[in-house]
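Presented below is the structure to which this report refers.
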Amino acid sequence: MSDSKIVKLVDESSQRSSELPLLSGTLGPACIDIGTLYKDTGHFTYDPGYGSTASTKSAITYIDGDEGVLLYRGYPIEQLAEKSSFLEVAYLLLHGELPNQIQFSSFDHQITHHTMMHESQKNFFQGFHHDAHPMAMLAASVASLSAFYHDDLNVDDPEDRKLAAIRLIAKMPTIAAACYRYSIGWPLRYPRNNLEYVDRFLHMMFEVPSEPLTLSPVAAKALDLLFILHADHEQNASTSTVRLVGSTGANPYASIAAGITALWGPAHGGANEAVLKQLQEIGTADKVETAVNRAKDKNDSFRLMGFGHRVYKNFDPRAKIIREMCHKVLSELGVNDPLLEVAMKLEEAALKDDYFVERKLYPNVDFYSGIIYKALGIPTEMFTVMFAIARTAGWIAHWIEQHETPGARIGRPRQIYTGSDVRNYIPTDKR
Ligand code: CMC
(Lines give C-alpha, C1' and ligand atoms only; values in the text may rest on other atoms or scores of the structure.)
Protein backbone atom coordinates (compact mmCIF):
# COMPACT_ATOMS: atom_id res chain seq x y z
CA MET A 1 0.00 0.00 0.00
CA SER A 2 1.34 3.43 -0.91
CA ASP A 3 -0.10 6.65 0.47
CA SER A 4 2.49 9.02 -0.98
CA LYS A 5 -0.01 10.82 -3.22
CA ILE A 6 -2.70 13.08 -1.83
CA VAL A 7 -5.97 14.32 -3.27
CA LYS A 8 -7.08 17.66 -1.84
CA LEU A 9 -10.77 18.31 -1.52
CA VAL A 10 -11.94 21.84 -0.73
CA ASP A 11 -15.47 22.84 0.25
CA GLU A 12 -15.69 26.26 -1.38
CA SER A 13 -18.55 27.48 0.79
CA SER A 14 -16.91 26.79 4.15
CA GLN A 15 -13.29 26.78 2.97
CA ARG A 16 -12.80 23.62 5.00
CA SER A 17 -10.59 21.13 3.21
CA SER A 18 -9.34 17.60 3.52
CA GLU A 19 -6.12 16.04 2.31
CA LEU A 20 -7.00 12.53 1.28
CA PRO A 21 -4.26 9.95 0.70
CA LEU A 22 -4.32 7.78 -2.41
CA LEU A 23 -4.07 4.07 -1.59
CA SER A 24 -2.76 1.57 -4.11
CA GLY A 25 -3.14 -2.18 -4.02
CA THR A 26 -1.02 -4.76 -5.83
CA LEU A 27 -3.21 -4.44 -8.92
CA GLY A 28 -6.09 -2.18 -9.92
CA PRO A 29 -6.82 1.54 -9.70
CA ALA A 30 -5.76 3.63 -6.70
CA CYS A 31 -8.43 4.54 -4.14
CA ILE A 32 -8.99 7.84 -2.37
CA ASP A 33 -9.02 7.21 1.38
CA ILE A 34 -11.94 9.32 2.60
CA GLY A 35 -11.71 8.19 6.22
CA THR A 36 -11.06 11.72 7.55
CA LEU A 37 -13.43 13.55 5.17
CA TYR A 38 -16.30 13.98 7.63
CA LYS A 39 -14.00 15.15 10.42
CA ASP A 40 -12.23 17.62 8.10
CA THR A 41 -15.18 19.01 6.10
CA GLY A 42 -18.41 17.89 7.80
CA HIS A 43 -19.48 16.06 4.62
CA PHE A 44 -20.26 12.43 3.90
CA THR A 45 -19.88 10.82 0.47
CA TYR A 46 -22.86 9.51 -1.50
CA ASP A 47 -22.50 6.40 -3.66
CA PRO A 48 -25.68 4.29 -3.81
CA GLY A 49 -24.88 0.82 -5.11
CA TYR A 50 -21.21 1.46 -4.21
CA GLY A 51 -20.17 1.96 -7.86
CA SER A 52 -17.10 3.97 -6.79
CA THR A 53 -16.53 2.67 -3.29
CA ALA A 54 -14.06 0.07 -2.00
CA SER A 55 -15.40 -1.23 1.30
CA THR A 56 -12.30 -3.08 2.39
CA LYS A 57 -8.76 -4.16 1.57
CA SER A 58 -8.59 -7.82 0.60
CA ALA A 59 -5.89 -10.18 -0.65
CA ILE A 60 -8.23 -12.94 -1.82
CA THR A 61 -9.64 -12.19 -5.27
CA TYR A 62 -8.87 -9.65 -7.99
CA ILE A 63 -11.13 -8.65 -10.87
CA ASP A 64 -10.29 -6.40 -13.81
CA GLY A 65 -13.72 -5.83 -15.31
CA ASP A 66 -12.47 -4.05 -18.43
CA GLU A 67 -10.01 -6.78 -19.34
CA GLY A 68 -12.15 -9.72 -18.19
CA VAL A 69 -9.58 -10.87 -15.62
CA LEU A 70 -10.40 -12.91 -12.53
CA LEU A 71 -7.65 -14.08 -10.16
CA TYR A 72 -7.99 -16.15 -6.98
CA ARG A 73 -4.97 -15.36 -4.80
CA GLY A 74 -3.15 -14.31 -7.99
CA TYR A 75 -3.96 -17.43 -10.04
CA PRO A 76 -5.96 -16.84 -13.25
CA ILE A 77 -9.38 -18.48 -13.20
CA GLU A 78 -8.65 -20.14 -16.57
CA GLN A 79 -5.67 -22.04 -15.07
CA LEU A 80 -7.57 -23.07 -11.96
CA ALA A 81 -10.55 -24.18 -14.07
CA GLU A 82 -8.31 -26.36 -16.20
CA LYS A 83 -5.92 -27.77 -13.61
CA SER A 84 -7.35 -27.51 -10.11
CA SER A 85 -10.31 -28.91 -8.17
CA PHE A 86 -12.92 -27.14 -6.08
CA LEU A 87 -11.48 -28.44 -2.83
CA GLU A 88 -7.98 -27.29 -3.76
CA VAL A 89 -9.42 -23.87 -4.70
CA ALA A 90 -11.23 -23.72 -1.35
CA TYR A 91 -7.88 -24.36 0.38
CA LEU A 92 -6.25 -21.68 -1.75
CA LEU A 93 -8.92 -19.10 -0.91
CA LEU A 94 -8.68 -19.87 2.80
CA HIS A 95 -4.91 -20.17 3.15
CA GLY A 96 -3.57 -17.93 0.39
CA GLU A 97 -1.35 -20.61 -1.16
CA LEU A 98 -1.93 -23.79 -3.11
CA PRO A 99 -1.50 -26.82 -0.83
CA ASN A 100 1.27 -29.39 -1.22
CA GLN A 101 0.18 -33.03 -1.18
CA ILE A 102 0.36 -33.43 2.60
CA GLN A 103 -1.52 -30.20 3.22
CA PHE A 104 -4.20 -31.17 0.72
CA SER A 105 -4.65 -34.69 2.16
CA SER A 106 -5.04 -33.24 5.61
CA PHE A 107 -7.57 -30.62 4.40
CA ASP A 108 -9.49 -33.24 2.42
CA HIS A 109 -9.52 -35.54 5.47
CA GLN A 110 -10.87 -32.80 7.71
CA ILE A 111 -13.58 -31.80 5.22
CA THR A 112 -14.56 -35.45 4.67
CA HIS A 113 -14.89 -36.03 8.41
CA HIS A 114 -17.13 -33.04 9.06
CA THR A 115 -19.73 -33.74 6.40
CA MET A 116 -22.45 -35.22 8.60
CA MET A 117 -25.28 -33.14 9.94
CA HIS A 118 -26.10 -33.37 13.63
CA GLU A 119 -28.92 -35.95 13.92
CA SER A 120 -31.17 -33.36 15.60
CA GLN A 121 -30.63 -30.99 12.74
CA LYS A 122 -32.36 -33.47 10.46
CA ASN A 123 -35.56 -32.95 12.48
CA PHE A 124 -35.36 -29.30 11.61
CA PHE A 125 -36.45 -30.10 8.04
CA GLN A 126 -39.72 -31.60 9.25
CA GLY A 127 -40.78 -28.08 10.21
CA PHE A 128 -40.82 -26.90 6.60
CA HIS A 129 -43.74 -27.26 4.28
CA HIS A 130 -42.85 -29.74 1.53
CA ASP A 131 -42.87 -27.05 -1.18
CA ALA A 132 -40.59 -24.59 0.66
CA HIS A 133 -37.98 -23.06 -1.63
CA PRO A 134 -34.63 -24.84 -1.04
CA MET A 135 -32.89 -21.46 -0.57
CA ALA A 136 -35.25 -20.72 2.34
CA MET A 137 -34.44 -24.09 3.89
CA LEU A 138 -30.72 -23.64 3.25
CA ALA A 139 -30.54 -20.19 4.85
CA ALA A 140 -32.45 -21.35 7.93
CA SER A 141 -30.46 -24.58 8.25
CA VAL A 142 -27.10 -22.84 7.96
CA ALA A 143 -28.12 -20.23 10.55
CA SER A 144 -29.18 -23.11 12.79
CA LEU A 145 -25.63 -24.53 12.75
CA SER A 146 -24.78 -21.94 15.39
CA ALA A 147 -27.28 -23.67 17.67
CA PHE A 148 -25.36 -26.93 17.33
CA TYR A 149 -21.75 -25.71 17.61
CA HIS A 150 -21.95 -22.87 20.10
CA ASP A 151 -19.25 -24.31 22.40
CA ASP A 152 -16.47 -23.54 19.94
CA LEU A 153 -17.76 -20.32 18.47
CA ASN A 154 -15.30 -17.81 19.83
CA VAL A 155 -14.84 -15.60 16.77
CA ASP A 156 -11.60 -14.24 18.25
CA ASP A 157 -10.01 -17.70 18.39
CA PRO A 158 -8.20 -18.61 15.13
CA GLU A 159 -8.71 -22.35 15.77
CA ASP A 160 -12.46 -21.89 16.21
CA ARG A 161 -12.57 -19.84 13.00
CA LYS A 162 -10.71 -22.56 11.12
CA LEU A 163 -13.04 -25.23 12.46
CA ALA A 164 -16.09 -23.20 11.41
CA ALA A 165 -14.66 -22.90 7.89
CA ILE A 166 -14.13 -26.67 7.68
CA ARG A 167 -17.60 -27.36 9.03
CA LEU A 168 -19.28 -24.98 6.61
CA ILE A 169 -17.48 -26.21 3.49
CA ALA A 170 -18.04 -29.83 4.58
CA LYS A 171 -21.69 -29.61 5.62
CA MET A 172 -23.01 -27.33 2.93
CA PRO A 173 -23.47 -30.13 0.33
CA THR A 174 -25.12 -32.35 2.97
CA ILE A 175 -27.58 -29.63 3.93
CA ALA A 176 -28.19 -28.66 0.30
CA ALA A 177 -28.95 -32.27 -0.70
CA ALA A 178 -31.23 -32.59 2.33
CA CYS A 179 -33.19 -29.51 1.20
CA TYR A 180 -33.77 -31.16 -2.17
CA ARG A 181 -34.62 -34.62 -0.84
CA TYR A 182 -37.01 -33.25 1.74
CA SER A 183 -38.82 -31.27 -0.97
CA ILE A 184 -39.44 -34.44 -3.02
CA GLY A 185 -40.16 -36.69 -0.04
CA TRP A 186 -37.07 -38.87 -0.30
CA PRO A 187 -35.21 -40.12 2.81
CA LEU A 188 -32.17 -38.00 3.65
CA ARG A 189 -28.90 -39.63 2.67
CA TYR A 190 -25.74 -39.76 4.77
CA PRO A 191 -22.51 -38.56 3.12
CA ARG A 192 -20.26 -41.35 1.85
CA ASN A 193 -16.69 -40.70 2.89
CA ASN A 194 -15.17 -42.94 0.21
CA LEU A 195 -16.25 -40.42 -2.42
CA GLU A 196 -14.73 -37.10 -3.38
CA TYR A 197 -16.44 -33.81 -2.55
CA VAL A 198 -18.54 -33.32 -5.68
CA ASP A 199 -19.27 -37.02 -6.22
CA ARG A 200 -20.35 -37.29 -2.61
CA PHE A 201 -22.77 -34.43 -3.13
CA LEU A 202 -24.22 -35.96 -6.30
CA HIS A 203 -24.76 -39.24 -4.44
CA MET A 204 -26.48 -37.45 -1.58
CA MET A 205 -28.72 -35.75 -4.13
CA PHE A 206 -29.64 -38.65 -6.36
CA GLU A 207 -28.90 -42.02 -4.73
CA VAL A 208 -31.96 -43.94 -3.57
CA PRO A 209 -31.75 -46.67 -0.91
CA SER A 210 -33.09 -49.29 -3.30
CA GLU A 211 -30.39 -49.21 -5.97
CA PRO A 212 -26.82 -48.04 -6.59
CA LEU A 213 -26.27 -44.83 -8.52
CA THR A 214 -24.18 -44.79 -11.65
CA LEU A 215 -22.95 -41.37 -12.65
CA SER A 216 -21.18 -40.21 -15.77
CA PRO A 217 -17.71 -38.90 -14.80
CA VAL A 218 -18.52 -35.83 -16.88
CA ALA A 219 -21.22 -34.89 -14.34
CA ALA A 220 -18.77 -34.62 -11.43
CA LYS A 221 -16.19 -32.89 -13.64
CA ALA A 222 -18.73 -30.29 -14.82
CA LEU A 223 -20.03 -29.63 -11.32
CA ASP A 224 -16.51 -29.34 -9.94
CA LEU A 225 -15.75 -26.76 -12.63
CA LEU A 226 -18.90 -24.77 -11.84
CA PHE A 227 -17.95 -24.82 -8.15
CA ILE A 228 -14.46 -23.50 -8.98
CA LEU A 229 -15.90 -20.67 -11.08
CA HIS A 230 -18.41 -19.69 -8.40
CA ALA A 231 -16.07 -20.02 -5.41
CA ASP A 232 -15.35 -16.31 -4.95
CA HIS A 233 -15.90 -12.96 -6.58
CA GLU A 234 -14.47 -10.33 -4.21
CA GLN A 235 -16.91 -7.79 -2.71
CA ASN A 236 -20.17 -8.80 -4.45
CA ALA A 237 -23.50 -8.27 -2.66
CA SER A 238 -23.49 -11.54 -0.71
CA THR A 239 -19.83 -11.36 0.31
CA SER A 240 -20.27 -7.75 1.38
CA THR A 241 -23.29 -8.90 3.39
CA VAL A 242 -21.21 -11.61 5.07
CA ARG A 243 -18.58 -8.99 5.93
CA LEU A 244 -21.14 -6.47 7.18
CA VAL A 245 -22.77 -9.05 9.43
CA GLY A 246 -19.31 -10.34 10.40
CA SER A 247 -18.25 -6.82 11.36
CA THR A 248 -20.76 -6.87 14.21
CA GLY A 249 -18.99 -9.88 15.74
CA ALA A 250 -21.80 -12.25 14.72
CA ASN A 251 -20.83 -15.90 14.49
CA PRO A 252 -19.76 -17.40 11.13
CA TYR A 253 -22.91 -19.47 10.62
CA ALA A 254 -25.13 -16.42 11.11
CA SER A 255 -22.86 -14.38 8.82
CA ILE A 256 -22.91 -17.01 6.04
CA ALA A 257 -26.69 -17.48 6.41
CA ALA A 258 -27.03 -13.74 5.73
CA GLY A 259 -24.83 -14.18 2.65
CA ILE A 260 -27.13 -16.96 1.44
CA THR A 261 -30.18 -14.71 1.68
CA ALA A 262 -28.36 -11.94 -0.23
CA LEU A 263 -27.35 -14.43 -2.90
CA TRP A 264 -30.96 -15.49 -3.43
CA GLY A 265 -32.02 -12.29 -5.24
CA PRO A 266 -32.41 -12.49 -9.05
CA ALA A 267 -29.94 -9.62 -9.57
CA HIS A 268 -27.29 -11.83 -7.90
CA GLY A 269 -27.12 -15.62 -7.52
CA GLY A 270 -30.84 -16.07 -8.11
CA ALA A 271 -30.16 -15.14 -11.73
CA ASN A 272 -29.27 -18.74 -12.67
CA GLU A 273 -32.77 -19.90 -11.73
CA ALA A 274 -34.26 -16.83 -13.42
CA VAL A 275 -32.26 -17.46 -16.62
CA LEU A 276 -33.63 -20.94 -17.04
CA LYS A 277 -37.19 -19.85 -16.29
CA GLN A 278 -36.78 -17.04 -18.81
CA LEU A 279 -35.37 -19.37 -21.50
CA GLN A 280 -38.32 -21.69 -20.89
CA GLU A 281 -40.74 -18.78 -21.18
CA ILE A 282 -39.14 -17.65 -24.44
CA GLY A 283 -39.48 -21.28 -25.52
CA THR A 284 -38.28 -21.23 -29.11
CA ALA A 285 -35.57 -19.44 -31.07
CA ASP A 286 -38.13 -17.48 -33.14
CA LYS A 287 -39.35 -15.67 -29.98
CA VAL A 288 -35.89 -14.36 -29.12
CA GLU A 289 -36.34 -11.10 -31.02
CA THR A 290 -39.47 -10.23 -29.03
CA ALA A 291 -37.59 -10.90 -25.79
CA VAL A 292 -34.68 -8.69 -26.85
CA ASN A 293 -37.09 -5.89 -27.78
CA ARG A 294 -38.83 -6.17 -24.44
CA ALA A 295 -35.48 -5.96 -22.63
CA LYS A 296 -34.69 -2.72 -24.48
CA ASP A 297 -38.08 -1.14 -23.75
CA LYS A 298 -37.68 1.33 -20.88
CA ASN A 299 -41.40 1.07 -20.11
CA ASP A 300 -41.05 -2.65 -19.53
CA SER A 301 -39.28 -3.93 -16.41
CA PHE A 302 -38.26 -7.10 -18.30
CA ARG A 303 -34.47 -7.69 -18.32
CA LEU A 304 -32.48 -10.38 -20.04
CA MET A 305 -31.44 -12.53 -17.13
CA GLY A 306 -27.83 -13.69 -17.31
CA PHE A 307 -26.77 -10.50 -19.10
CA GLY A 308 -24.82 -7.61 -17.63
CA HIS A 309 -22.49 -7.27 -14.71
CA ARG A 310 -21.56 -4.44 -12.39
CA VAL A 311 -17.84 -5.04 -12.88
CA TYR A 312 -17.32 -6.95 -16.15
CA LYS A 313 -17.64 -4.52 -19.04
CA ASN A 314 -15.87 -6.58 -21.70
CA PHE A 315 -16.71 -10.19 -20.98
CA ASP A 316 -17.16 -12.39 -17.95
CA PRO A 317 -14.21 -14.85 -18.05
CA ARG A 318 -16.30 -17.40 -16.15
CA ALA A 319 -19.03 -17.29 -18.81
CA LYS A 320 -16.44 -18.04 -21.50
CA ILE A 321 -15.30 -21.19 -19.66
CA ILE A 322 -18.85 -22.30 -18.86
CA ARG A 323 -20.03 -21.83 -22.42
CA GLU A 324 -17.43 -24.33 -23.61
CA MET A 325 -18.24 -26.77 -20.81
CA CYS A 326 -21.94 -26.48 -21.57
CA HIS A 327 -21.52 -27.78 -25.10
CA LYS A 328 -19.22 -30.56 -23.87
CA VAL A 329 -21.60 -31.70 -21.13
CA LEU A 330 -24.62 -31.78 -23.40
CA SER A 331 -22.83 -33.76 -26.08
CA GLU A 332 -21.16 -36.20 -23.65
CA LEU A 333 -24.38 -36.80 -21.75
CA GLY A 334 -26.25 -37.09 -25.03
CA VAL A 335 -28.65 -34.31 -24.02
CA ASN A 336 -30.35 -32.47 -26.84
CA ASP A 337 -31.77 -29.49 -25.03
CA PRO A 338 -33.75 -27.07 -27.21
CA LEU A 339 -33.10 -24.39 -24.55
CA LEU A 340 -29.47 -24.33 -25.64
CA GLU A 341 -30.60 -23.24 -29.10
CA VAL A 342 -32.71 -20.47 -27.53
CA ALA A 343 -29.76 -19.45 -25.35
CA MET A 344 -27.35 -19.29 -28.29
CA LYS A 345 -29.80 -17.30 -30.39
CA LEU A 346 -30.36 -14.91 -27.49
CA GLU A 347 -26.63 -14.48 -26.97
CA GLU A 348 -26.09 -13.85 -30.69
CA ALA A 349 -28.97 -11.36 -30.92
CA ALA A 350 -27.90 -9.42 -27.83
CA LEU A 351 -24.21 -9.30 -28.74
CA LYS A 352 -24.93 -7.51 -32.00
CA ASP A 353 -27.66 -5.23 -30.70
CA ASP A 354 -26.63 -1.60 -30.13
CA TYR A 355 -28.52 -1.39 -26.84
CA PHE A 356 -26.47 -4.21 -25.32
CA VAL A 357 -23.21 -3.23 -27.04
CA GLU A 358 -23.38 0.41 -25.88
CA ARG A 359 -24.13 -0.63 -22.30
CA LYS A 360 -21.48 -3.37 -22.40
CA LEU A 361 -23.98 -6.06 -21.45
CA TYR A 362 -22.45 -9.50 -22.02
CA PRO A 363 -23.58 -12.95 -20.91
CA ASN A 364 -22.48 -13.47 -17.31
CA VAL A 365 -21.61 -16.60 -15.34
CA ASP A 366 -25.25 -17.45 -14.78
CA PHE A 367 -26.24 -17.47 -18.42
CA TYR A 368 -24.96 -20.96 -19.17
CA SER A 369 -24.67 -22.55 -15.73
CA GLY A 370 -28.41 -23.32 -15.54
CA ILE A 371 -28.31 -25.32 -18.75
CA ILE A 372 -25.50 -27.45 -17.32
CA TYR A 373 -27.32 -27.91 -14.01
CA LYS A 374 -30.44 -28.94 -15.92
CA ALA A 375 -28.46 -31.47 -17.97
CA LEU A 376 -27.13 -32.93 -14.70
CA GLY A 377 -30.69 -33.44 -13.48
CA ILE A 378 -30.56 -30.67 -10.89
CA PRO A 379 -33.98 -29.04 -10.52
CA THR A 380 -34.28 -25.32 -11.30
CA GLU A 381 -35.07 -24.30 -7.73
CA MET A 382 -31.77 -25.83 -6.61
CA PHE A 383 -29.60 -23.74 -8.97
CA THR A 384 -28.93 -20.93 -6.51
CA VAL A 385 -28.29 -23.52 -3.80
CA MET A 386 -25.51 -24.91 -6.03
CA PHE A 387 -24.04 -21.42 -6.26
CA ALA A 388 -24.22 -21.12 -2.46
CA ILE A 389 -22.32 -24.39 -1.91
CA ALA A 390 -19.44 -23.07 -4.01
CA ARG A 391 -19.51 -19.48 -2.73
CA THR A 392 -19.31 -20.71 0.89
CA ALA A 393 -15.56 -21.16 0.31
CA GLY A 394 -15.22 -17.50 -0.65
CA TRP A 395 -17.59 -16.19 2.02
CA ILE A 396 -15.77 -17.92 4.85
CA ALA A 397 -12.36 -16.93 3.46
CA HIS A 398 -13.52 -13.28 3.56
CA TRP A 399 -15.02 -13.69 7.03
CA ILE A 400 -11.69 -15.08 8.28
CA GLU A 401 -9.66 -12.38 6.52
CA GLN A 402 -11.89 -9.76 8.13
CA HIS A 403 -11.25 -11.22 11.59
CA GLU A 404 -7.52 -11.42 10.96
CA THR A 405 -7.32 -7.76 9.95
CA PRO A 406 -6.25 -5.55 12.86
CA GLY A 407 -8.31 -2.46 13.60
CA ALA A 408 -11.47 -3.67 11.85
CA ARG A 409 -14.57 -1.64 12.73
CA ILE A 410 -18.27 -2.32 12.56
CA GLY A 411 -19.66 -1.52 9.08
CA ARG A 412 -21.98 1.42 9.38
CA PRO A 413 -22.82 3.51 6.27
CA ARG A 414 -24.38 6.96 6.54
CA GLN A 415 -27.31 8.38 4.55
CA ILE A 416 -28.79 11.50 2.98
CA TYR A 417 -31.96 12.08 4.97
CA THR A 418 -34.90 13.03 2.71
CA GLY A 419 -37.77 12.79 5.20
CA SER A 420 -39.77 15.52 7.02
CA ASP A 421 -38.11 18.37 8.83
CA VAL A 422 -38.66 18.43 12.62
CA ARG A 423 -42.39 18.68 13.44
CA ASN A 424 -44.56 18.41 16.53
CA TYR A 425 -46.72 15.46 17.46
CA ILE A 426 -50.44 16.04 16.80
CA PRO A 427 -52.95 14.17 18.98
CA THR A 428 -55.19 11.69 17.08
CA ASP A 429 -58.37 13.81 17.42
CA LYS A 430 -56.60 16.82 15.84
CA ARG A 431 -55.23 15.05 12.71
N1 CMC B 1 -31.23 -6.53 -19.66
C2 CMC B 1 -31.53 -5.32 -20.18
N3 CMC B 1 -30.97 -4.16 -19.81
C4 CMC B 1 -30.02 -4.21 -18.85
C5 CMC B 1 -29.63 -5.44 -18.26
C6 CMC B 1 -30.26 -6.62 -18.70
N7 CMC B 1 -29.93 -7.81 -18.17
N8 CMC B 1 -28.67 -5.22 -17.34
C9 CMC B 1 -28.46 -3.87 -17.34
N10 CMC B 1 -29.28 -3.29 -18.26
C11 CMC B 1 -29.29 -1.85 -18.60
C12 CMC B 1 -29.98 -1.04 -17.55
O13 CMC B 1 -31.37 -0.89 -17.82
C14 CMC B 1 -29.24 0.28 -17.66
O15 CMC B 1 -29.70 0.94 -18.81
P16 CMC B 1 -29.75 2.57 -18.83
O17 CMC B 1 -28.32 3.01 -18.70
O18 CMC B 1 -30.37 2.89 -20.13
O19 CMC B 1 -30.60 2.98 -17.66
C20 CMC B 1 -27.80 -0.15 -17.95
O21 CMC B 1 -27.93 -1.41 -18.62
C22 CMC B 1 -26.94 -0.31 -16.71
O23 CMC B 1 -27.60 -1.20 -15.82
P24 CMC B 1 -27.55 -1.11 -14.24
O25 CMC B 1 -28.77 -1.77 -13.67
O26 CMC B 1 -27.27 0.30 -13.83
O27 CMC B 1 -26.26 -1.97 -13.95
P28 CMC B 1 -25.83 -2.55 -12.55
O29 CMC B 1 -24.36 -2.62 -12.59
O30 CMC B 1 -26.44 -1.79 -11.43
O31 CMC B 1 -26.49 -4.02 -12.52
C32 CMC B 1 -26.81 -6.31 -12.90
C33 CMC B 1 -25.80 -5.17 -12.84
C34 CMC B 1 -26.06 -7.63 -13.02
C35 CMC B 1 -27.63 -6.36 -11.60
C36 CMC B 1 -27.74 -6.09 -14.13
O37 CMC B 1 -26.98 -6.11 -15.31
C38 CMC B 1 -28.86 -7.14 -14.20
O39 CMC B 1 -29.91 -6.93 -13.59
N40 CMC B 1 -28.64 -8.26 -14.94
C41 CMC B 1 -29.60 -9.32 -14.99
C42 CMC B 1 -29.48 -10.18 -13.75
C43 CMC B 1 -28.25 -11.05 -13.76
O44 CMC B 1 -27.95 -11.70 -14.74
N45 CMC B 1 -27.55 -11.09 -12.60
C46 CMC B 1 -26.37 -11.95 -12.41
C47 CMC B 1 -25.12 -11.15 -12.27
S48 CMC B 1 -23.65 -12.18 -12.39
C49 CMC B 1 -23.67 -13.29 -11.08
C50 CMC B 1 -23.78 -12.68 -9.74
O51 CMC B 1 -23.35 -11.58 -9.45
O52 CMC B 1 -24.33 -13.37 -8.90
Side-chain angles (χ1 to χ4, degrees), residues 1-71 232-250 255 258-259 262 265 267-268 298 301 303 308-314 358-361 395 398-399 401-426:
M1 286 276 167
S2 122
D3 57 358
S4 53
K5 293 206 180 118
I6 302 275
V7 171
K8 189 165 178 183
L9 200 136
V10 183
D11 174 2
E12 303 229 318
S13 55
S14 68
Q15 283 307 305
R16 286 171 76 181
S17 67
S18 189
E19 294 201 339
L20 307 169
L22 265 188
L23 304 179
S24 304
T26 331
L27 296 166
C31 289
I32 304 168
D33 178 354
I34 56 166
T36 57
L37 187 71
Y38 179 62
K39 185 167 66 69
D40 293 343
T41 67
H43 297 306
F44 301 137
T45 53
Y46 177 61
D47 183 21
Y50 310 113
S52 298
T53 298
S55 59
T56 187
K57 294 174 188 168
S58 177
I60 300 174
T61 291
Y62 173 72
I63 302 173
D64 181 334
D66 294 322
E67 297 299 322
V69 171
L70 170 60
L71 312 175
D232 194 42
H233 215 228
E234 49 118 307
Q235 309 310 322
N236 56 83
S238 56
T239 305
S240 299
T241 301
V242 169
R243 278 184 176 265
L244 192 58
V245 176
S247 79
T248 68
S255 305
H268 191 12
K298 286 288 157 204
S301 60
R303 281 191 167 198
H309 197 274
R310 168 61 62 79
V311 183
Y312 293 121
K313 300 298 175 195
N314 183 337
E358 279 161 17
R359 289 169 180 76
K360 301 186 175 173
L361 302 170
W395 287 330
H398 282 272
W399 183 86
E401 183 182 62
Q402 169 180 50
H403 283 79
E404 283 173 351
T405 307
R409 300 171 75 195
I410 187 169
R412 204 315 185 175
R414 302 305 297 250
Q415 63 167 8
I416 298 179
Y417 174 68
T418 58
S420 303
D421 201 346
V422 183
R423 48 185 173 163
N424 291 320
Y425 181 84
I426 304 163

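Quantities reported herein were computed from a predicted structural model and do not represent experimental measurements.
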Exercise for the section: Apply the test side-chain contact (heavy atoms from CB on, under 4.5 Å) to residues Glu234 and Ile60: give CA-CA distance (whole Å), side-chain angles for both, the deciding distance (0.1 Å), then the verdict. Expected result: CA-CA 7 Å; Glu234 49 118 307; Ile60 300 174; over 6 Å; no
Exercise for the section: Spell out, as yes or no, whether a donor-acceptor pair under 3.5 Å connects the side chain of Thr56 to the backbone of Ser58. Expected result: no
Problem - Thr239 side, atom OG1; His398 side, atom NE2 - distance, nearest 0.5 Å - result: 5.0 Å
Problem - Value rounded to 0.5 Å, distance of CD1 in Ile34 from NE2 in His43 - result: 13.0 Å
Handout entry: Gly308 backbone acceptor or donor facing Arg303 side chain under 3.5 Å
Key = no
Handout entry: Side chain Thr405, main chain Glu401, donor-acceptor under 3.5 Å
Key = yes
Problem - Smallest separation among heavy atoms of Ser238 and His268, with atom names - result: OG-NE2, 2.9 Å
Practice task
Check the pair Leu70, Ile63 against side-chain contact (heavy atoms from CB on, under 4.5 Å), reporting the backbone distance first and the verdict last.
Solution key: CA-CA 5 Å; Leu70 170 60; Ile63 302 173; 3.9 Å; yes
Exercise for the section: Please round to the nearest 0.5 Å and tell me the distance separating atom CD of Gln235 and atom OG1 of Thr61. Expected result: 8.5 Å
Handout entry: Tyr50 versus Pro413, closest heavy-atom pair with distance
Key = OH-CG, 4.1 Å
Exercise for the section: Taking Ser240 for its side chain and Ala237 for its backbone only, find out whether a donor-acceptor pair lies under 3.5 Å. Expected result: no
Practice task
Work out which heavy atom in Glu19 is nearest to a heavy atom in Thr36; give both atom names and the distance.
Solution key: O-OG1, 4.4 Å
Problem - From CA spacing to verdict: side chain to side chain donor-acceptor pair (under 3.5 Å), Gln402, Ser247 - result: CA-CA 8 Å; Gln402 169 180 50; Ser247 79; 4.8 Å; no
Handout entry: side chain to side chain donor-acceptor pair (under 3.5 Å) between Asp11 and Thr41, worked out
Key = CA-CA 7 Å; Asp11 174 2; Thr41 67; over 6 Å; no
Exercise for the section: Begin from the C-alpha positions of Asp33 and Leu20 and carry the test side-chain contact (heavy atoms from CB on, under 4.5 Å) through to its verdict. Expected result: CA-CA 6 Å; Asp33 178 354; Leu20 307 169; 5.7 Å; no
Exercise for the section: Might you confirm whether atom OH of Tyr46 has over 12 heavy atoms from other residues, nucleotides or ligands at distances under 6.0 Å? Expected result: no
Problem - Exceeds 12 heavy-atom contacts within 6.0 angstrom, atom CZ of Phe44 - result: yes
Practice task
Specify the closest pair of heavy atoms between Ala30 and Leu22, including all atoms of both residues, with the distance to one decimal.
Solution key: CB-CD2, 4.2 Å
Handout entry: Neighbour count above 12 (heavy atom, 6.0 Å) for Ile32 CD1
Key = no
Exercise for the section: Return the orientation label for the His233 and His309 ring planes: parallel under 30°, perpendicular over 60°, tilted otherwise. Expected result: perpendicular
Handout entry: Atom of Trp399, atom of Ser255 and distance for their closest heavy-atom approach
Key = NE1-OG, 3.4 Å
Exercise for the section: Compare every heavy atom of Trp395 with every heavy atom of Gly259, then report the nearest pair and how far apart it is. Expected result: O-CZ2, 3.6 Å
Problem - Donor-acceptor pair between Thr53 and Asp47 side chains, under 3.5 angstrom - result: yes
Exercise for the section: Determine whether more than 12 heavy atoms belonging to other residues, nucleotides or ligands lie under 6.0 Å from atom CD of Glu12. Expected result: no
Problem - Inter-residue atom distance Asp40.CG - Leu9.CG, 0.5 Å rounding - result: 9.5 Å
